[in-house]
Novice: 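Once you've had a glance at the structure underneath, I'll fire off some questions.
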Amino acid sequence: MRRGKLSWKMVSSTLILLLAGSAAWTTQASADSTRSMTISRIDGPAYIQQSGGALRIQAYPGMLLHEGDTLVTESGGAVLSIQDEGDEITLAPNSEIRIKVLAGGAVQSTTKLELMSGQAYTSVHDLRESRDVFEMDVPGQKLEVKGTQFFVIINPLTGIPDVAAGAGVVKVSGTNPQSFAGKDGSPVTLYPAQQISLTPGVDPSLQTPTSVDISGLVHQASPDIIKAIIQNKAQIDRENQELIEQQKKQLEQGQSKPSGSSASNGSNDPFLVSQLEDLQKIQQNLNALVGNVAKEASSQGKIEKSKLDPLIEQVNRGIDDPNGKIDLGNVRPFDPTVGLDPQQEAKRKEQEKVQQELQKKIQEQIQQQQQQIQEVLQQQQMQDILLQQQMQQQLQAMIDNILKTIAELQQANQKAAEQRATQAVIQYQQQLSTEEMKRFEEEVRRRNQERIQMGGQQPAAPTQPTAPTQPNLPGGSMTPPVKPPVDPPVDPKPEPSDIKAIFDPGIPEQVPENTPHQFSLGFHGSESEKDMKVKVRLTYSSKSGSSLDNIEYKYQFDHSDIIPGQLENGGVTLAKPNGDAFTIEELDGAPISFETSWPHVGDYHLKIELLKDEEGTNKPLVTVDKDFHVHSLTTETSSIDDNALKHRLYVQGDWIKPDTELALRINLNIADGEPVSGAMFKLLHGEDVIAEGTTEWGYANLVLKNETALTLGLVDENGRSAEGANLTLQWIDVEGHVPENGQYTAELQWMGQSGESEEPFSLGKPSPIPFTVDFPQEDTL
């Protein structure tokens, strides 16, 4: 059995002593104290990569994220919440976001995020009169928020981010201003109902904001983002109304620009107005923004009517003003020209026209080049056809020569056979007497007469053999020519298929009991196979005799609606939501997300088959066999000797592999949810002692290096549950320092690693245990 394979993140003893020597037990928030972010909702597979580590951990609702962590969503979106400030970030599927800074104190909080790919919608607390900082980096640019609502869409092909403001102000500046021709790039201010496309590496001040392109926005945005915009209508309208009222007061005082705006903003300033009538048009435009988004989402079919109508009804219940409610049948049109400087807008349109003409010329050049390439390809195809014809002619000539040779051989063989027959007759006749010769000739004449009567025609005159001592005799050779046998035509064998199965992520080999067993699959074939109609068959079987009845599953194809069901005879055939078969082209990549939940521990086998969608087709094009293991591990805790810092752990396992190496992961938090760093824990089993301190994020990993599930007593050689193991977990003193009095929670999570796999896996759901500290601070443990 291999040892030392566990890739747990460990804290060195030196760092532990340094943390312990400082005021590590202090839980009062300082000016630079860390904060946390909670995953409040997940709609599909998502993974966390923690700061400084390469291991990806499966995310789950309620999980805490900390500074330096990265969240990656796949087929579903997610919602993140920062509870202390009430901020919320909605992520679309296939998004990646990193937490750069999460710090805060009594005076100021700082939140800095980096959206590396995908789409995000942010609903941030009002920062207009606050010292708090909320920033989001996108490729090559930085977004500083002074408002509440904005969203970002990063084009997956070009990498260019589009930013749009729903309420409040967003200031855009380069992440490296020195790269912009050696000058400090002036931030571009984005106002409500405006958007901007930010080319990475280009000075933001050279990129002009425009009014929101609602049709284009809805076309690009995922349904998660559109729903978030609609859900926040009341807050968007409320903040925009406050901005309108502020500008109204400024107009009455003789000002024509909002406070804090700069002259460099140019035509993107929506409040370049000189009279209240213009301001009223802006107000009507802002009030119609969300309604037009909802109407466009309905027109484009981005959200089904059965889901959109209840969403609008829920949003309208939170809006008191009847004129502010969403009515898809009566939505005021959105005017993209309202509030813009006519001269600047005309100049921008002229520049846009020049740009369009340039793009048209470039497109024409591309088309010409494509046409030239097409002509070259056609010439090449003609040459290939001519070459193929020549090869076919040469091949036909070879075949003709072969057939001619065969015919000549057959003719020569026939002639030789006739000569042998004639010689045999001559030899036979030479042995006959005169009387026998007469009878022989009479028999020959009789047979010839019978042939004439049966065939209705005179037979050809037989060849008379001659012998040196005999006269010419009637008859001759009657041996018909012999033709070589001809083999029946053989159907050509089907060409071998190049179709290959694709999994992303792969099928997990280890899964805890009653925990989703999920993976994504697809297939990739050659160009000639892309239109082939196929079906996908999944068949489960139990190697340990567990029941497969009522096993629930659900799957999703290409981000469509989730299809639930129950296995029948351990199997299920997958199809598109409308019941049609797939094509190989539709299955390219891994567009099918499949998930089951197993209520019974044991060993299972999964067979995945790709079949042609034809009547009576049974032989699969592709077959994938995979074994996986469902295990269970429970932990019962109780305090020892009324010591709140010392607990007994009684651990039982079922169907855990005997060679599984174990580690206990501890996440320590104080009552308000803040992580506690520098806390030292030790885990005792017999004479073995493992000690480890919590990191700055409150985590400690206690690795049972010399123990496996078998030696620990969790299982026997058959992998079944044994008597279990008793361990002791103690929060210990470090050099005379004791924790501050209070209520703490330690979340325990058993992890395992088995076989040749380098990746640790969860052995069950986390279980929290309380630690109560209530004694004089000068005492020691």
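Note that these values count all heavy atoms, side chains included, but never hydrogens, waters or copies made by symmetry. For the single chain, residues carry numbers from 1 onward in sequence order.
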Novice: For the pair S593 (side chain) and S520 (backbone), establish whether a donor and an acceptor sit closer than 3.5 Å, ignoring hydrogens and angles.
Specialist: no
Novice: Determine whether a donor-acceptor pair (N or O, by modelled atom type, separation under 3.5 Å) exists between the side chain of S95 and the backbone of T73.
Specialist: no
Novice: Indicate the atoms forming the closest heavy-atom contact of M63 with Q58, along with that distance.
Specialist: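 Between these two residues, the closest heavy atoms are SD-O, 4.3 Å.
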Novice: So, taking the atom named NZ in K325 and the one named CD1 in I319, what distance separates them when rounded to the nearest 0.5 Å?
Specialist: 6.0 Å
Novice: Measure the shortest side-chain to side-chain distance between L71 and M37 over non-hydrogen atoms and say whether it is less than 4.5 angstrom.
Specialist: no
Novice: Give the minimum heavy-atom separation between V101 and E67, together with the two atoms involved.
Specialist: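 Closest pair (atom of V101, atom of E67, distance): CA-OE1, 3.4 Å.
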Novice: Locate the shortest heavy-atom distance separating S215 from Q300; write the atom from each residue and the value.
Specialist: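 For S215 and Q300, the tightest heavy-atom pair comes out as O-NE2, 3.1 Å.
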Novice: Is the NZ atom of K248 crowded by more than 12 outside heavy atoms at less than 6.0 Å?
Specialist: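 Atom NZ in K248 is not crowded, with 12 or fewer foreign heavy atoms closer than 6.0 Å.
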Novice: What distance separates R35 CZ from S109 OG, expressed to the nearest 0.5 Å?
Specialist: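 Nearest 0.5 Å value for the CZ-OG distance: 4.5 Å.
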Novice: Look up atom CG in L115 and atom CG in L91, then write down how far apart they are to the nearest 0.5 Å.
Specialist: 7.0 Å
Novice: First locate atom CG of L80, then atom CD1 of I97, and finally report the distance between them rounded to the nearest 0.5 Å.
Specialist: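 Going from CG on L80 over to CD1 on I97, the span is 6.5 Å.
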Novice: Any donor and acceptor pair, going by atom type alone, linking the side chain of N292 with main-chain N or O of R332 inside 3.5 Å?
Specialist: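 Here the side-chain-to-backbone pair exists.
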Novice: More than 12 heavy atoms of other residues, nucleotides or ligands under 6.0 Å from CD of E313: yes or no?
Specialist: no
Novice: Side chain to side chain contact (heavy atoms under 4.5 Å, CB included) between Q50 and W697: does it pass, once the steps are laid out?
Specialist: CA-CA 10 Å; Q50 294 181 331; W697 301 289; over 6 Å; no
Novice: If I compare all heavy atoms of A193 with all of L286, which pair ends up nearest, and what's the gap?
Specialist: CB-CD2, 3.6 Å
Novice: Treating T90 as the side-chain partner and I225 as the backbone partner, does any N or O pair qualify as donor plus acceptor under 3.5 Å?
Specialist: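 Side chain of T90 to backbone of I225, a donor-acceptor pair under 3.5 Å: no, none is there.
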Novice: Do N240 side-chain atoms and Q283 backbone N/O form a donor-acceptor pair below 3.5 Å?
Specialist: no
Novice: Would you say the side-chain atoms of E747 pair up with the backbone N or O of N667, donor to acceptor, closer than 3.5 Å?
Specialist: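 Pair absent, no side-chain N/O of E747 close to backbone of N667.
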Novice: Say you draw a straight line from CD1 of I48 to OG1 of T70; how long is it, rounded to the nearest 0.5 Å?
Specialist: 8.0 Å
Novice: Give the C-alpha distance, both sets of side-chain angles, the deciding distance and a yes or no for side chain to side chain contact (heavy atoms under 4.5 Å, CB included) between L102 and T111.
Specialist: CA-CA 5 Å; L102 265 181; T111 303; 3.9 Å; yes
Novice: Looking at side-chain heavy atoms only, is the closest gap between I303 and K227 below 4.5 Å?
Specialist: yes
Novice: Are the side chains of H66 and I99 in touch, meaning some heavy atoms are under 4.5 Å apart?
Specialist: no
Novice: Counting N and O atoms only, with roles assigned by atom type, does the side chain of S75 sit under 3.5 Å from a partner on the main chain of G44, one being a donor and the other an acceptor?
Specialist: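 Pair absent, no side-chain N/O of S75 close to backbone of G44.
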Novice: Output yes when K281 and D335 qualify as a salt bridge under the 4.0 Å nitrogen-oxygen rule, no when they do not.
Specialist: no
Novice: Less than 4.5 Å apart, any side-chain heavy atom of I214 and any of K295?
Specialist: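 Counting from C-beta outward, I214 and K295 never come under 4.5 Å.
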Novice: Please work out which of the three classes, parallel, tilted or perpendicular, describes the rings of F594 and Y555, given edges at 30° and 60°.
Specialist: parallel
Novice: State, yes or no, whether a side-chain contact exists between L217 and F151 at a heavy-atom distance under 4.5 Å.
Specialist: yes
Novice: Is the closest side-chain heavy-atom distance between I160 and L198 below 4.5 Å?
Specialist: no
Novice: Cut-off 3.5 Å, side chains only: do S762 and Q749 have a donor facing an acceptor?
Specialist: yes
Novice: If you define the side chain from C-beta out and look only at heavy atoms, does anything of Y60 sit under 4.5 Å from I39?
Specialist: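 They are not in contact (no side-chain heavy atoms under 4.5 Å apart), so the answer is no.
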Novice: Go through D213 and Q195 one step at a time and tell me if the side chain to side chain contact (heavy atoms under 4.5 Å, CB included) criterion holds.
Specialist: CA-CA 8 Å; D213 178 9; Q195 72 178 53; 4.1 Å; yes
Novice: Please tell me if the side chains of L113 and F134 come closer than 4.5 Å, counting only heavy atoms from C-beta onward.
Specialist: yes
Novice: Please check if any side-chain donor atom of Q149 sits under 3.5 Å from a side-chain acceptor atom of Y121, or the reverse.
Specialist: yes
Novice: If you take all heavy atoms of F557 and I592, which pair is closest and at what distance?
Specialist: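 Heavy atoms of F557 and I592 come nearest at CD1-CG1, 3.9 Å.
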Novice: Run the salt-bridge test on K307 and D561 with the 4.0 Å N-O cut-off and return the result as yes or no.
Specialist: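 Between D561 and K307 there is a salt bridge, with a charged N closer than 4.0 Å to a carboxylate O.
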Novice: Are the charged groups of D43 and R41 less than 4.0 angstrom apart, N to O?
Specialist: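 Judged by the 4.0 Å cut-off on N to carboxylate O distance, D43 and R41 do form a salt bridge.
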Novice: Take atom NZ in K554; do more than 12 heavy atoms of anything else shown fall under 6.0 Å from it?
Specialist: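 Counting neighbours around NZ of K554, 12 or fewer heavy atoms of other residues, nucleotides or ligands fall under 6.0 Å, so no.
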Novice: Atom CG in D309, atom CD1 in I326: separation rounded to 0.5 Å?
Specialist: 11.0 Å
Novice: Given 3.5 Å as the limit, does a donor-acceptor pair link the side chain of K100 with the main chain of E135, or not?
Specialist: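 Checking the backbone N and O of E135 against the side chain of K100, no donor-acceptor pair under 3.5 Å is found.
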Novice: Keeping the roles fixed (side chain from K302, backbone from V218), state whether a donor-acceptor pair exists under 3.5 Å.
Specialist: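 Judged by distance alone, yes, a pair lies under 3.5 Å.
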Novice: Apply side chain to side chain contact (heavy atoms under 4.5 Å, CB included) to I230 and L308, showing your working.
Specialist: CA-CA 10 Å; I230 298 173; L308 182 60; 3.9 Å; yes
Novice: Please name the pair of heavy atoms, one in L190 and one in P209, separated by the smallest distance, quoted to 0.1 Å.
Specialist: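 Closest heavy-atom pair between L190 and P209: CD1-CB, 3.7 Å.
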Novice: Between Q119 and Q220, is there a donor-acceptor pair closer than 3.5 Å when you use the side chain of the first and the backbone of the second?
Specialist: yes
Novice: Might you confirm whether atom NZ of K112 has over 12 heavy atoms from other residues, nucleotides or ligands at distances under 6.0 Å?
Specialist: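 Open.
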Novice: When you check the side-chain N and O atoms of E245 and Q241, is any donor under 3.5 Å from an acceptor?
Specialist: yes
